[in-house]
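Working notes for the structure below.
Order of the sequence lines sets the chain letters (A, B, ...), proteins ahead of strands, with each chain counted from 1. None of the values given here were measured: they were computed from a predicted structure.
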Amino acid sequence: MRKVQAVIVGGGPAGLAASIEIAKAGGKVVVIDENGKPGGQLFKQIHKFFGSREHRAGVRGYDIGTQLLKETEDLGVEVLLDAPVYGLFRDPAGIMVSYMKDGREQAIIGEKVILATGAAENALVFPGSTLPGVMGAGCAQTMINVNRVLPGQKVIMVGSGNVGLIVSYQLIQAGAEVLALVEAAPSIGGYGVHAGKIRRAGTPIYVGHTIKRVLGKTQVEKVELVALDEKFQEIPGTEKMLEADTVCIAVGLTPLTELAWLAGCEFTFIPLLGGHIPIHNEDMETTVPGLYVAGDIAGAEEASTAMEEGRLSGIAAAEALQLYTAEEAKALKAEVWDRMNALRTGPFGQKRYDAKAQLLATAKGGK
Amino acid sequence: MTRTADVAIVGGGVNGCSIAYRLAKAGKKVVLCEKGDFAAGATGSCDQMVILQSKNPGIHLKLALDSAELFQTLAQELDYDIEYFRHGGMITIENEMEMDVMTDFVAKQKKIGLEVDIISREEASKRQRGLGEHLLGCTYSAQDGHVNPFKLNMGFAQAAKKAGAELLIDAEVTDFKMAGGKVVGIKTAKGDVDAETVVLAAGAWSPLLGQKLGMKLPIKPRRGQIIVSQPCAPYIVGDILSAQYIVAKYHPETLLNAKSRGIQLGVGLAISQTARGGILIGATREFVDYDVSNTREGIREILKNAARLMPGLKNLNIIRVMGGVRPYTPDGLPLVGCVKGMDGLFMAAGHEGDGIALSAVTGKIVAGLICEGKAYTDVSALDPNRFELFAK
């Protein structure tokens with residue numbers, strides 16, 4: 001069976017960044033991704049990123065994706081595409097990663113394995129939620145920005161985090177009408193600058209509201225909104241019916257942790273980071289020796305921190321493979337930590353910083 | 001807190017709970033202690049068969065027949081839907097060697113009273129779609145069936161509680177209490193239990209507890225890996241085993257020089273479909289201590305085997321795999337009875353792959369031996385003292 005120094009599951013921002021760090025250190029690394037193209041969610045992110053210059057602030061997501069891909073190509077990183085990974089098995093030589101490719105079940109052993117599997121969109125359940133036309137906001141974003149297909153003409157967006165705000169604006173740019181942005185909480189979840197853009201485009205934002213039901217015969221035809229009291233209970237008599245053909249759901253992400261469970265990782269539960277998270281240390285190594293996590297699987301955040309966590313896990317794996325001395329690795333990791341801590345500041349970042357600090361404390365034996 | 005009981009039972013699997021139920025019903029004061037949860041060991045990681053054809057003609061088959069008889073009315077008796085279905089079973093025969101073994105096996109089983117015949121491939125195909133073209137034939141018995149092991153375990157547990165037994169989970173037994181060279185109770189994570197009799201029904205984990213008494217039980221953990229398919233419409237009629245399983249179990253000497261990894265891993269096909277539609281495909285038989293993880297090799301060998309014997313399964317999606325250890329004994333029979341030289345201790349462990357099938361009758365036997373000093377039938381073949389039980 002084929003054996004390499006490192007196998008990375010997931011070719012999104014975290015996985016690609018990790019592969020670059022290992023390849024830069026001289027390691028042989030294979031990235032496995034279930035999609036037909038690498039880059040994960042980066043290529044549908046047509047907006048400019050936040051942060052500082054080191055975080056490529058002001059650069060659009062797909063440009064960052066293109067740069068990452070060029071770096072992996074220049075460094076000779078091998079990327080296996082259309083290859084869903086279904087299992088991890090213990091092996092004396094490392095960790096066996098088994099996957100499907102070309103209709104055949106295959107396996108490869110990585111001395112070190114990094115899981116960068118990302119996260120999945122959460123769903124909402126309401127009467128009519130299974131009608132065609134109800135979809136994740138990320139799904140709608142892929143349709144307009146990658147596949148160039150408009151999911152519908154009249155859209156209701158649920159959730160006012162940055163995903164809901166940004167995708168609403170991009171739907172407007174793509175030619176759809178966003179009739180309403182609905183948020184159950186009493187205030188907007190994402191950045192004011194994004195919210196301002198959609199307000200200026202004329203989209204009303206209904207805070208303290210939710211979808212009561214969606215009506216339609218074979219697809220979404222009408223959407224009924226209802227106001228919520230401070231205990232998130234529906235207020236009778238406040239129902240409002242809108243004619244729409246699309247409902248987008250942007251109510252958070254859940255880390256894709258199946259492989260970490262299979263591998264026997266210990267978990268902790270942190271709602272702010274998306275729920276059950278594999279416990280990991282400052283090197284991103286889980287409680288299973290030689291198995292690392294990076295990106296949304298280690299707590300759902302955003303692409304910039306995912307890339308930094310990817311780099312961190314890559315440097316740590318390279319160190320464990322003795323491609324770096326402890327001293328070299330320490331200096332490189334310190335740089336990453338500085339950038340990552342800077343990303344985890346501000347009103348939203350600080351909460352994530354605290355949550356990750358709690359996670360790291362768990363790894364050290366605290367609870 | 002120290003509890004007092006007539007009988008303390010160690011182990012909350014299907015057999016421990018069956019014993020608790022029968023004893024409590026017979027009026028004994030019972031406390032059962034389980035280190036994890038109900039159905040957490042072999043019961044929760046096995047296939048679901050109550051199959052008679054796989055049993056060695058002799059006491060083994062006789063007890064299985066008696067157990068199957070009890071299963072017929074067990075749901076009513078326990079007032080719990082245990083999902084017992086008697087849809088018959090087949091053993092696939094692939095080559096002349098297997099045909100010889102099975103012809104002899106079937107003839108002997110018939111004498112014990114099992115309704116079983118060898119049928120042609122054509123006849124077998126009328127009963128079951130998707131069988132391999134190369135099969136020489138199958139055995140068939142209408143008396144085979146299967147049961148939901150989790151529900152069976154819970155059914156016994158609930159009925160035991162109703163009959164007055166106290167069942168403790170998360171109550172790992174840490175040691176035995178001794179007085180005058182006699183076992184007089186157990187120490188557990190939830191307190192001590194003083195009891196006249198302690199029943200060791202801890203399956204594959206029994207030898208670890210036996211060690212505390214200076215015993216060297218001949219029970220060894222043997223791993224079985226099982227594959228679970230997506231739920232689908234009824235496809236598998238009854239239960240299907242391969243003759244490989246019978247050969248591996250009763251004539252292991254014929255496989256000594258086998259080169260195939262599948263045979264080395266002890267793969268013998270066992271297929272059945274659950275009430276919810278998932279198809280269970282097993283299993284390996286491996287000595288790997290208490291390691292219950294799955295291996296890619298084990299999964300592949302089981303699936304290769306299944307696809308050869310039943311090509312009809314090839315397009316099925318697999319959604320889950322599991323592994324668990326069964327309590328192997330050298331002669332394939334459990335240890336049921338008192339232990340000479342260790343008064344107060346009663347063994348009821350070592351059923352290997354027959355734990356589910358024999359659970360109903362095991363409770364009855366143990367209750368008979370403890371309450372009346374004799375079982376309903378001669379069970380001297382299960383006497384634990386047939387083995388050298390104490391380390392020298």
Using a cut-off of 6.0 Å, state whether more than 12 heavy atoms not belonging to Asn147(A) lie near its atom CG.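 Buried by this count: over 12 neighbours within 6.0 Å.
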
Counting only heavy atoms from other residues, nucleotides and ligands, does the tally under 6.0 Å from CD of Glu105(A) exceed 12?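 Counting other residues, nucleotides and ligands, CD of Glu105(A) exceeds 12 neighbours.
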
Under 4.5 Å from any heavy atom of chain A - which part of Ile299(B):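 When you check distances to chain A, only side chain atoms of Ile299(B) fall under 4.5 Å.
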
Looking at CG of Asp91(A) and CD of Glu297(B), how far apart are the two atoms once the value is rounded to the nearest 0.5 Å?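 Taking CG in Asp91(A) and CD in Glu297(B), the distance rounds to 10.5 Å.
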
For Tyr86(A) and Arg296(B), which heavy atoms make the closest approach, and how far apart are they?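 Heavy-atom minimum between the residues: OH-CG, 4.2 Å.
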
Identify the two heavy atoms, one from Asn294(B) and one from Phe89(A), that lie closest to each other, and give their separation to 0.1 Å.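 Closest heavy-atom pair between Asn294(B) and Phe89(A): O-CD2, 3.3 Å.
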
Would you say that Arg90(A) contacts Thr295(B) through its side chain, given a criterion of any heavy-atom pair below 4.5 Å between the two side chains?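 Arg90(A) does not reach Thr295(B) side chain to side chain.
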
